[in-house]
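First the proteins, then the strands, lettered A, B, ... as listed; each starts at 1. Everything quoted here is computed from the prediction, not taken from an experiment.
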Number of protein chains: 2
Amino acid sequence: MDQVELFKALANKTRLQILTWLKDPEFYFPDYQSACGIDDIGVCVGHIQKKSGLTQSTISAYLSLLHRVGLVSATRVGQWTYYKRNETAIAKLGQLISSTL
Amino acid sequence: MDQVELFKALANKTRLQILTWLKDPEFYFPDYQSACGIDDIGVCVGHIQKKSGLTQSTISAYLSLLHRVGLVSATRVGQWTYYKRNETAIAKLGQLISSTL
DNA sequence: TTGGTATATCGAGAAAAGTCGATATATATT
DNA sequence: AATATATATCGACTTTTCTCGATATACCAA
């Protein structure tokens, strides 16, 4: 876990919003539901993109970045990729900051 | 407290190091001591600059940034400015991340 | 296999951050 | 007042980040 890369990932308004939205998908994405019927698999790129107002390519890259640093997990199901918070990693980050910072 | 600005301030190797060094000045700056004789007032810009290897202007700006976002406090004594961790703010950040992130 | 939809990647331009040397300001000393 | 030291600010250049449109890839349906 590279602390600097983690903080860089968090140093962006949209990426922070995405992490907030993924905390409570049913609240933040009330109109959508997982196309594959599996619950708790996360939210697909398109829904996040529409809510963000940024372009598809930007959001795809942002999610890929959040995934690279381990803050979210990604699951491909058919043509959709579902992104979901990695609560373990996020909790560890909180501890990391509380203890080492 | 703007979260994004906070994370930006932390998204830099040197600034993270400075925060670490200020956690234990006697350990990280064994050769130096506060010129004004007051203990626990912090470490002056010059000492931090020498340890960092970067230029005076860069470190001055970094410390000013850390101060602006509230992570350190600054005390001017004569021609020196002493910077010191703001433990309250840092602890709050840990909580902020653990609770809202 | 052809076309449609979802996501990822590429290339580019604009904006921000990193970093420096030079200079300005503040303070202390003589 | 003149000089010396510590810190802050300025201007410039380089590198990184933000963001987009265009294109490529993956998958599905007919």
What is the distance from CH2 of B:W80 to C1' of D:dT5, rounded to the nearest Å? 8 Å
Got a donor-acceptor contact below 3.5 angstrom from the A:S99 side chain to the A:Q95 backbone? yes
If you count every heavy atom of other residues, nucleotides or ligands that lies below 6.0 Å from B:K23 atom NZ, does the total exceed 12? yes
Over how many whole Å does the gap from B:Y83 atom OH to D:dA6 atom P extend? 16 Å
Roughly, in whole Å, what's the span from OH in A:Y62 to C1' in C:dT7? 17 Å
For A:G53 and A:Q79, find the nucleotide of DNA chain D closest to each by heavy atoms; which residue's nucleotide sits nearer the 5' end? A:G53
Would you say the base of C:dG21 and the side-chain of B:S57 have a donor-acceptor pair closer than 3.5 Å? yes
To the nearest angstrom, the CZ-P distance between A:R76 and C:dT5 comes to 16 Å
Return the value, rounded to whole Å, for the distance between atom CG of A:L10 and atom P of D:dC18. 12 Å
Assign A:L54 to base, sugar-phosphate, or nothing according to its heavy-atom contacts below 4.0 angstrom with the strands shown. sugar-phosphate
Residue pair A:S57, A:S60: steps toward the side chain to side chain donor-acceptor pair (under 3.5 Å) verdict: CA-CA 5 Å; A:S57 70; A:S60 175; over 6 Å; no
Presence of donor-acceptor pair under 3.5 Å, side chain of A:Q56 and base of C:dA8: yes
Please confirm whether the backbone N or O of A:G46 pairs with a side-chain atom of A:Q56, one donor and one acceptor, at under 3.5 Å? no
Expressed in angstrom and rounded to an integer, what is the separation of B:I59 atom CD1 from D:dA6 atom P? 16 Å
B:T100 side chain to B:L96 main-chain N or O, any donor-acceptor pair under 3.5 Å? yes
Can you check whether A:T55 has a side-chain N or O nearer than 4.0 Å to OP1 or OP2 of D:dC20? yes
Okay, side chain of A:S98, backbone of A:G94: is any donor-acceptor separation there less than 3.5 Å? yes
Could you state the atom-to-atom distance from CD1 of B:I48 to C1' of D:dA6 in whole Å? 13 Å
Check the phosphate of D:dT19 against A:T58, side-chain N and O only, distance under 4.0 Å to OP1 or OP2. Yes or no? no
For nucleotides 11-17 of chain C, which of its nitrogen or oxygen atoms have a protein nitrogen or oxygen under 3.5 Å away, and what is each distance?
unit_1 : atom_1 : unit_2 : atom_2 : d
C:dA17 : OP1    : B:K8   : NZ     : 3.1

So what does B:T81 hit on the nucleic acid, given a heavy-atom distance under 4.0 Å: a base, only sugar-phosphate, or nothing? sugar-phosphate
Could you check whether any side-chain N or O of A:T81 sits under 3.5 Å from a backbone N or O of A:V77, counting only pairs where one atom can act as donor and the other as acceptor? no
Interatomic distance, A:R68 CZ vs C:dT9 P [rounded to whole Å]: 10 Å
